[in-house]
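What follows is a set of notes on a single structure, which appears directly below.
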Number of protein chains: 2
Amino acid sequence: MLSNSSKYALKAVLFLALHANENNKMMVKDISERINVPKAYIAKLLQELSKRRILSSTKGPKGGFYINEANKNQPIMKIIDIIDGKKRIESCALSLEDCNEHIPCPLHALINPSRSKMIALLESKTINDLAMDLKLNKAFLPV
Amino acid sequence: MLSNSSKYALKAVLFLALHANENNKMMVKDISERINVPKAYIAKLLQELSKRRILSSTKGPKGGFYINEANKNQPIMKIIDIIDGKKRIESCALSLEDCNEHIPCPLHALINPSRSKMIALLESKTINDLAMDLKLNKAFLPV
DNA sequence: TCTTAAATATGATTAATATCATGTTTTTAT
DNA sequence: ATAAAAACATGATATTAATCATATTTAAGA
Ligand code: FES
Ligand code: FES
């Protein structure tokens, strides 16, 4: 469903939501070690996410990545969209040009209701929502 | 969600369910043209599906692919499993080793109910079920 | 039995993702 | 001012998935 890049991005963002903030920035090296994603790989993703305002960063000594309140209130879907594009999730399961009730492919009736529900949740739940689940031990990040 | 190969396989199987049978076999060339998938590519997939008894085939002149009643009563999921492996659909969205309620990743609560529903449908609906939808113009195959 | 038409088996190539590497810019602290 | 520490920008390499090619086997029909 999600690319590796999206999974890594999500892990990094949620990790930062829990463990970093404006006065406690984290360097790529530490993030990489804690979420177990190759340094150079996650670095590239973090830069993209920073540019797109999913998270914040500052350069130079004492610099690093963090996530502020504004960042936290963004929907999970936005991260997926930036990295994979919404199409990856929303497009027709059999690659019909466009997916709708009017000219549905044979899988549409089977998957669309579930998929719509899933998309609605990814669009309504925010980074903060999921970070809370982690904090309350209702969910756990992959090592 | 599905690989290109799975999509092509599904298209081919459903196409055969509608347009071929034991006395009216279809050659790779015609299938390829009608479902708009490269000949050499769909040939390889058809061979695999034939070996795994999703469809039937005979060699030589007057030979070709077709699909009989036994073939038709198999669940859609079996095709996906043969081509992609169930893991592609069932595994954790964030790549946790195993996906369950006990140690869920942060996305589990958002996606698992929908995904379970979808999987149940893919496992209960048969090739014949979807072929019927096509026959009744309730669904349409991508060109 | 011989020729021909089909699937089958196997492998090669190409394209897309994932991963890695490195020089440039910015900021802090001396 | 200068040196060092960090992100940033850009591009290179490696791995996997998608696509293509071809020699072999089987069955029909002359
Ligand atoms: S038309 Fe194929 S999934 Fe909607
Ligand atoms: S644990 Fe991640 S989707 Fe179930």
Side-chain angles (χ1 to χ4, degrees), chain A residues 1-13 16 20 22-33 35-67 71 80 82-85 87-88 91 94-95, chain B residues 1-12 16 20 22-33 35-67 71 80 82-85 87-88 94-95:
Chain A
M1 187 170 79
L2 302 180
S3 69
N4 261 357
S5 293
S6 268
K7 291 176 184 179
Y8 293 166
L10 244 359
K11 278 174 70 171
V13 165
L16 286 173
E22 182 129 28
N23 332 299
N24 184 22
K25 296 161 192 163
M26 284 195 87
M27 295 187 296
V28 148
K29 181 168 177 301
D30 298 315
I31 299 170
S32 154
E33 283 171 3
I35 68 176
N36 195 35
V37 173
K39 183 164 163 293
Y41 194 170
I42 197 63
K44 203 171 197 174
L45 291 171
L46 288 167
Q47 284 160 29
E48 176 72 5
L49 293 170
S50 178
K51 188 157 46 174
R52 301 293 303 273
R53 315 256 175 202
I54 294 297
L55 44 78
S56 308
S57 63
T58 60
K59 286 180 173 184
K62 302 283 172 187
F65 294 93
Y66 62 100
I67 186 163
N71 298 141
I80 296 171
I82 287 168
I83 307 294
D84 288 342
K87 256 175 72 173
R88 176 165 182 137
S91 61
L94 285 185
S95 300
Chain B
M1 186 171 81
L2 303 180
S3 67
N4 262 357
S5 293
S6 268
K7 292 176 184 178
Y8 293 166
L10 244 359
K11 279 174 68 170
L16 286 173
E22 184 129 28
N23 332 298
N24 185 22
K25 296 159 191 166
M26 284 197 87
M27 295 188 297
V28 148
K29 181 168 177 301
D30 298 314
I31 299 170
S32 154
E33 282 171 4
I35 68 177
N36 196 33
V37 173
K39 184 164 163 294
Y41 194 171
I42 197 64
K44 203 171 195 174
L45 290 170
L46 289 168
Q47 285 161 30
E48 176 73 6
L49 293 171
S50 177
K51 188 157 48 173
R52 301 294 301 274
R53 316 259 175 198
I54 295 297
L55 43 79
S56 308
S57 62
T58 60
K59 286 183 174 180
K62 302 283 173 186
F65 294 92
Y66 62 100
I67 185 162
N71 298 142
I80 296 171
I82 286 169
I83 306 295
D84 288 343
K87 256 175 73 173
R88 175 164 182 139
L94 284 185
S95 300

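Within every chain, numbering begins at 1; the chains are lettered A, B, ... in the order of the sequence lines, protein sequences first and strands thereafter. Since this is a predicted model, take the numbers as computed values, not measurements.
- Following rounding to the nearest Å, E48(A) (CD) and dT19(C) (C1') show an atom-to-atom distance of 16 Å.
- By the side chain to side chain contact (heavy atoms under 4.5 Å, CB included) test, N4(B) pairs with K7(B), Y8(B), Y41(B), sequence neighbours left out.
- We find that CG of N36(B) is positioned 16 Å from C1' of dA18(D), with the value rounded to whole Å.
- Minimum heavy-atom separation, A9(B) to L45(B): N-CD1, 4.3 Å.
- When the side-chain nitrogen and oxygen atoms of S5(B) are compared with OP1 and OP2 of dA17(D), none of them lie within a distance under 4.0 Å.
- When the side-chain nitrogen and oxygen atoms of Y8(B) are compared with OP1 and OP2 of dT19(D), one or more of them lie within a distance under 4.0 Å.
- Checking the phosphate oxygens (OP1, OP2) of dT19(C), a side-chain nitrogen or oxygen of N4(A) falls inside 4.0 Å.
- Remark: the backbone N or O of I82(A) is not paired with any side-chain donor or acceptor of R52(A) at under 3.5 angstrom.
- Remark: P of dA16(C) and CZ of R88(A) are 14 Å apart, rounded to the nearest angstrom.
- Atom CG of L49(B) is separated from atom P of dA7(C) by 14 Å (rounded to the nearest Å).
- With contacts defined as side-chain heavy-atom distances shorter than 4.5 Å, the pair Y66(A)/N24(A) does not qualify.
- With the nearest nucleotide of DNA chain C identified for both K51(B) and M27(B), M27(B) has the one nearer the 5' end.
- The interatomic distance linking K7(A) (NZ) with dT17(C) (P) rounds to 15 Å, in whole Å.
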Scoring nucleotides 20-29 of chain D by protein non-hydrogen atoms under 4.0 Å (B base, S sugar-phosphate only, - none) yields BB---BBBBS
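- A donor-acceptor pair is defined here as one N or O able to donate and one able to accept, closer than 3.5 Å; such a pair exists between the side chain of S91(A) and the backbone of K87(A).
- Here dA7(C) presents its P atom at 11 Å from CG of L55(B), a figure rounded to the nearest Å.
- With S32(A) contributing its side chain and V37(A) its backbone, the two residues share a donor-acceptor pair below 3.5 Å.
- When the P atom of dT19(D) is taken as reference, atom CD1 of I35(B) falls 12 Å away, rounded to whole Å.
- Counting to the nearest Å, the P atom of dA18(D) and the CG atom of L2(B) are 11 Å from each other.
- Every side-chain hydrogen bond (donor to acceptor under 3.5 Å, both in side chains) that K29(A) has, sequence neighbours left out, goes to E33(A).
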